[in-house]
Asker: 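Mind having a look at this structure? Questions to follow.
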Amino acid sequence: MLWSDPEDEPPKELRDMQEMLRRLGLFMALAMILAMIVIGLR
């Protein structure tokens with residue numbers, strides 16, 4: 001790896017998709033917790 005090599009930055013589409021997947025995963029986790037609470041209260 002030379003100091004003159006360009007940084008291997010992922011393309012913008014890939015970074016956007018990773019951000020979307022992270023948000024979707026967080027949303028799914030919150031939805032699961034909420035579902036567990038609702039099931040537990042019944």
Side-chain angles (χ1 to χ4, degrees):
M1 180 85 162
L2 298 174
W3 62 272
S4 59
D5 287 346
E7 292 184 20
D8 51 349
E9 178 114 351
K12 187 179 184 333
E13 302 91 29
L14 189 63
R15 277 180 288 155
D16 287 348
M17 198 193 310
Q18 283 175 340
E19 186 68 30
M20 195 181 69
L21 284 172
R22 198 174 295 126
R23 285 188 191 147
L24 187 64
L26 186 64
F27 174 74
M28 288 292 287
L30 289 173
M32 288 290 281
I33 291 168
L34 192 61
M36 290 289 185
I37 291 171
V38 169
I39 290 169
L41 290 176
R42 286 191 177 178

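What you see is a predicted model; the values in this text were computed from it and never measured. Numbers here simply count residues along the sequence, with the first being 1.
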Asker: Can you name the residues that form a salt bridge (charged side-chain N to carboxylate O under 4.0 Å, His left out) with Glu19, not counting sequence neighbours?
Answerer: Arg22, Arg23
Asker: Would you please name every residue forming a side chain to side chain contact (heavy atoms under 4.5 Å, CB included) with Ile37, sequence neighbours left out?
Answerer: Ile33, Leu41
Asker: About how many Å separate CE of Met36 and CE of Met32, when rounded to the nearest 0.5 Å?
Answerer: 5.0 Å
Asker: Quickly, which of Lys12, Glu13, Met20 forms a side-chain contact (heavy atoms from CB on, under 4.5 Å) with Asp16? Name it, please.
Answerer: Lys12
